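Note that the structure is a prediction, hence the values are computed from the model and not measured. Start at 1 and go down the list; that is how both ligands and their atoms are numbered.
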Amino acid sequence: MNVRAALAEAAREVARRGLVTGTAGNVSLRNGNELLVTPTGRDLATVTESDIVTLDAEGRVLGGGKPTSEWQLHRAILAARPDLAAVVHTHSPHATAASALKRNIPAVHYMVVAAGGADIPCAPYATPGGEVLAAHAAAALAGRDACLLAHHGALAAGPTLAAAIALAVVVEDLARTWLTLLAVTPDPPSLGADDIAAMRTAWAAYRGSA
Ligand code: 13P
């Protein structure tokens, strides 16, 4: 499958998994010095290879129609993180609800290490589709591969489209677990630093064996 077809298939997969509704969400993929992104204003379930937009390193359109309004966010993250190649922005229901709390998701479950640390950070709110939000998102992803965007949704990134989508699913699941716990207690217990460190080692071994 060529890269544009792969990105379109990833966009449809994000929709199939219920991580977006309506025209929410967007997906990007690094392709050498270019950035491939989904088009703006489209239901990701319907995106096909010919809809994919190609941008240069400065964000100029090289091919395709109008890029996602969040292209700056995707560009900022991938520029700052050469180890990543794909970014998924969702409005998945529990992560989006959790984002309004403007708090990092704590280590209520061991899978938090899938994003690279002991929590899922929450980037401050900024108007969608702008450079300020892009800067907040890139800062939040400096030490993690996923974050919440306050009052907005979630971001997950990875070295491949499949890894980014898998992490977006984990973030949604962690947010659901956390919100479920918050309905029971205002201060859910979290794993300690030693358990997180051990789990990060175990996760690296698990990923290595996959
Ligand atoms: P686009 O339709 O421009 O990709 O925007 C959707 C969205 O989720 C904005 O944050």
Side-chain angles (χ1 to χ4, degrees), residues 3-31 34-56 58-80 84-102 120-141 144-158 161 164-165 167-169 171-172 175:
V3 284
R4 284 169 188 76
L7 180 55
E9 169 53 22
R12 296 192 298 271
E13 177 69 5
V14 166
R16 276 196 297 272
R17 286 176 175 263
L19 298 170
V20 292
T21 51
T23 62
N26 26 77
V27 187
S28 66
L29 179 65
R30 188 198 303 278
N31 184 36
E34 297 172 351
L35 178 62
L36 306 180
V37 297
T38 47
T40 189
R42 285 284 301 276
D43 182 337
L44 294 187
T46 69
V47 169
T48 62
E49 179 181 347
S50 61
D51 297 319
I52 298 303
V53 183
T54 304
L55 305 176
D56 70 11
E58 276 71 50
R60 289 182 290 253
V61 175
L62 298 177
K66 198 169 174 199
T68 172
S69 54
E70 299 289 11
W71 65 268
Q72 294 172 100
L73 178 154
H74 292 265
R75 185 183 66 151
I77 293 166
L78 291 174
L84 300 173
V87 178
V88 174
H89 166 46
T90 74
H91 292 188
S92 62
H94 295 89
T96 301
S99 77
L101 297 175
K102 292 189 272 243
I120 306 293
C122 184
Y125 180 79
T127 305
E131 279 186 12
V132 177
L133 180 62
H136 288 335
L141 290 195
R144 299 285 188 277
D145 293 350
C147 69
L148 303 179
L149 302 175
H151 299 286
H152 185 157
L155 277 175
L161 286 162
I165 293 171
L167 187 54
V169 171
V171 170
E172 171 61 9

**Prompt:** For the ring pair H152 and H89, is the centre-to-centre distance below 6.0 Å?
**Reply:** yes
**Message:** Applying salt bridge (charged side-chain N to carboxylate O under 4.0 Å, His left out), can you list everything that pairs with R16, at least two apart in sequence or on another chain?
**Reply:** E9, E13
**Item:** Residues forming a salt bridge (charged side-chain N to carboxylate O under 4.0 Å, His left out) with R4, sequence neighbours excluded
**Value:** none
**Asked** Which heavy atom of A154 sits nearest a heavy atom of A95, and at what distance?
**Response** CB-CB, 3.9 Å
**Fill in**
In chain-and-number order, ligand 1 lies under 4.0 Å from a heavy atom of each of T23, A24, G25, N26, T40, G41, T68, S69, E70, H89, H91, H152
**Prompt:** Under the salt bridge (charged side-chain N to carboxylate O under 4.0 Å, His left out) test, which residues partner D56, sequence neighbours left out?
**Reply:** R60
**Message:** Against V14, only a single residue in L161, V47, L44 fulfils side chain to side chain contact (heavy atoms under 4.5 Å, CB included); can you say which?
**Reply:** L44
